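Accompanying notes for the structure given below.
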Number of protein chains: 2
Amino acid sequence: MDGTTRWADLDTGNCSVARTAAIVGDAWTLVLLRDLFNGLRRFDDLAAHLGVARTVLSRRLAGLVDAGLVEREPYREPGRRVRHEYRLSAAGRDLLPVVLALMAWGDAHLADDDGPPVVVEHRDCGAPVHVALRCASGHDVDPRRGTVARPGPGARLRPRAVDA
Amino acid sequence: MDGTTRWADLDTGNCSVARTAAIVGDAWTLVLLRDLFNGLRRFDDLAAHLGVARTVLSRRLAGLVDAGLVEREPYREPGRRVRHEYRLSAAGRDLLPVVLALMAWGDAHLADDDGPPVVVEHRDCGAPVHVALRCASGHDVDPRRGTVARPGPGARLRPRAVDA
DNA sequence: CGGTATCCTGAAAGATACTG
DNA sequence: CAGTATCTTTCAGGATACCG
């Protein structure tokens with residue numbers, strides 16, 4: 001903020017956080033994404049592992065397919081009829097930082113004494129992976145106080161604020 | 001995964017994603033966090049900016065206070081009576097990567113033609129900040145395919161799976 | 001087995017009205 | 001102004017039943 005514009009006057013209609021939250025901002029959806037990242041693909045596996053009602057899972061998956069995050073693909077095991085599996089699309093895989101950031105926060109603030117139930121490792125070297133903030137100049141950014149938010153090129157004033 | 005344990009057999013009861021999602025996995029809560037990160041602190045400012053019913057805002061704030069993410073602090077403007085403002089606790093501020101990851105995904109996949117409404121900059125150098133994955137050995141990790149998830153020290157088998 | 005349509009119920013969103 | 005109690009209504013979760 002530069003002092004001439006207040007956040008309170010900015011429109012929320014095109015906020016990327018709000019738009020993304022409208023799609024994945026739901027507890028069931030987030031754990032569903034977690035399971036899809038972990039390689040679960042079959043409807044019944046997902047339903048059993050999540051402990052969610054199948055109707056709910058059906059709706060969530062349909063929503064994610066509609067949003068382009070999940071692809072429903074037919075497959076056929078030898079001698080069996082066609083089934084479908086659900087796998088993340090490229091756009092869906094791009095949500096990995098969201099899921100890892102949630103996991104990291106839970107590990108840091110809510111974990112049991114015996115440690116985190118899941119660790120994510122670098123495929124190449126096996127070291128644990130964490131979420132970091134980086135700037136375009138290559139600096140590491142302190143998440144606690146290294147960031148400043150500013151209105152971007154798509155910023156709009158709130159309708160009410162225009163004639164305020 | 002090492003082939004001997006399947007994700008489907010792991011318990012979800014202590015999953016950090018699920019625990020975190022249970023607190024913040026809600027569209028209103030996520031945009032509320034966004035506004036708190038952007039420095040909004042007063043109840044009415046938040047209510048007006050979010051466009052949410054005040055009863056709902058009241059409940060969300062109370063929940064976040066209960067969860068330790070938000071602190072409700074009294075303050076007094078000169079000549080006025082005591083009011084309260086709501087600001088993120090240290091734990092709440094630790095959620096910045098979650099919000100930035102959501103924002104980044106929305107910017108990449110849902111933005112309007114005129115660009116993102118908000119940009120986040122490095123306080124020290126002004127360059128735009130992005131969310132990155134890094135491993136403990138210092139490597140950059142490709143979010144698309146550089147990660148492998150494994151059961152961690154706190155992993156538990158699902159009760160049903162034990163005698164399966 | 002792999003889902004979806006339907007229904008029921010509880011919870012949560014929001015409007016209204018009230019209090020310090 | 002800064003909230004909260006209360007009420008109504010909508011909506012999401014889940015059980016059941018049903019189809020491919």
Side-chain angles (χ1 to χ4, degrees), chain A residues 6 8 12 18 21-36 39-67 69-87 160-161 164, chain B residues 6 8 12-13 18 21-33 35-36 39-67 70-87 160 164:
Chain A
R6 288 162 303 167
T12 55
I23 299 174
V24 302
D26 170 277
W28 278 131
T29 300
L30 291 167
V31 293
L32 171 54
L33 288 172
R34 171 204 67 188
D35 271 8
L36 292 170
L40 293 192
R41 305 220 157 111
R42 325 267 263 236
F43 188 91
D44 279 8
D45 284 345
L46 291 165
H49 192 237
L50 294 170
V52 67
R54 292 147 54 104
T55 45
V56 174
L57 176 60
S58 180
R59 285 195 289 253
R60 285 293 186 286
L61 283 169
L64 292 178
V65 169
D66 280 350
L69 303 191
V70 169
E71 288 159 358
R72 183 182 200 249
E73 294 182 4
Y75 72 96
R76 180 193 299 267
E77 288 185 353
R80 291 171 174 272
R81 67 178 182 73
V82 172
R83 309 239 179 273
H84 294 88
E85 62 180 21
Y86 301 88
R87 49 177 71 202
R160 280 294 285 134
Chain B
R6 288 161 304 168
T12 55
I23 300 174
V24 302
D26 171 276
W28 277 131
T29 299
L30 291 167
V31 292
L32 170 55
L33 288 172
D35 271 7
L36 292 171
L40 294 191
R41 305 219 158 114
R42 326 268 264 232
F43 189 92
D44 279 9
D45 284 345
L46 290 164
H49 191 236
L50 294 170
V52 66
R54 296 172 31 190
T55 45
V56 174
L57 177 59
S58 179
R59 286 194 288 254
R60 285 292 186 288
L61 283 170
L64 292 177
V65 169
D66 281 351
V70 169
E71 289 159 358
R72 183 181 201 250
E73 295 183 5
Y75 71 97
R76 182 192 297 269
E77 288 186 351
R80 291 172 174 273
R81 68 177 183 75
V82 171
R83 309 239 180 273
H84 294 88
E85 62 180 21
Y86 301 88
R87 50 176 71 201
R160 279 295 287 133

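Since we're looking at a predicted model, the values are computed, not measured.
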Item to complete: Provide, to the nearest angstrom, the distance between the CG atom belonging to A:L40 and the P atom belonging to C:dG2.
Response: 13 Å
Practice prompt. Calculate the interatomic distance between B:E85 atom CD and D:dA2 atom C1'; express it in whole Å.
Written response: 13 Å
Worksheet item: Could you state the CZ-P distance from B:R54 to C:dT16, rounded to the nearest angstrom?
Response: 12 Å
Response to the item:
Of the listed C:dG2, D:dG14, D:dT4, the closest approach to the A:D44 side chain comes from C:dG2
Item to complete: Compare all side-chain heavy atoms of A:L50 with those of A:R34 and state whether any distance is below 4.5 angstrom.
Response: yes
Response to the item:
Rounded to whole Å, CG of A:L61 lies from P of C:dA5 at a distance of 14 Å
Discussion item. Can you measure B:D26 atom CG to D:dA12 atom P for me and round it to whole angstrom units?
Written reply: 12 Å
Fill in: A:L46 CG - C:dT4 P separation (whole Å)
13 Å
Worksheet item: Mind checking whether B:D45 and B:D35 have side chains closer than 4.5 Å, heavy atoms only?
Response: no
Worksheet item: Do NZ/NE/NH1/NH2 and the carboxylate oxygens of B:R87 and B:E85 come within less than 4.0 Å?
Response: yes
Discussion item. For a side chain to side chain donor-acceptor pair (under 3.5 Å) check, start with the C-alpha distance between B:R72 and B:Y86, then their side-chain angles and the critical distance, and finish with the verdict.
Written reply: CA-CA 5 Å; B:R72 183 181 201 250; B:Y86 301 88; 3.2 Å; yes
Worksheet item: Of A:R83 and A:V52, whose nearest nucleotide on DNA chain D comes first from the 5' end?
Response: A:V52
Discussion item. Strictly below 4.0 Å: does A:R72 bring a side-chain N or O up to OP1 or OP2 of C:dG3?
Written reply: yes
Worksheet item: In whole angstrom, what separates A:L57's CG from C:dC1's C1'?
Response: 15 Å
Worksheet item: The side chain of A:F43 lies closest to which of these nucleotides: C:dG14, D:dA2, C:dT4?
Response: C:dT4
Discussion item. With hydrogens left out and only the distance checked, is there a donor-acceptor pair under 3.5 Å joining A:T55's side chain and the base of D:dG14?
Written reply: yes
Discussion item. For C:dG3 and A:Y86 - does any side-chain N or O of the residue sit under 4.0 Å from the phosphate oxygens OP1/OP2?
Written reply: yes
Item to complete: Find the distance A:R60:CZ to D:dG14:C1' and express it as a whole number of Å.
Response: 12 Å
Fill in: A:L64 CG to A:L36 CG distance, which is reported to the nearest 0.5 Å
7.5 Å
Worksheet item: Of A:H84 and A:R59, whose nearest nucleotide on DNA chain C comes first from the 5' end?
Response: A:H84
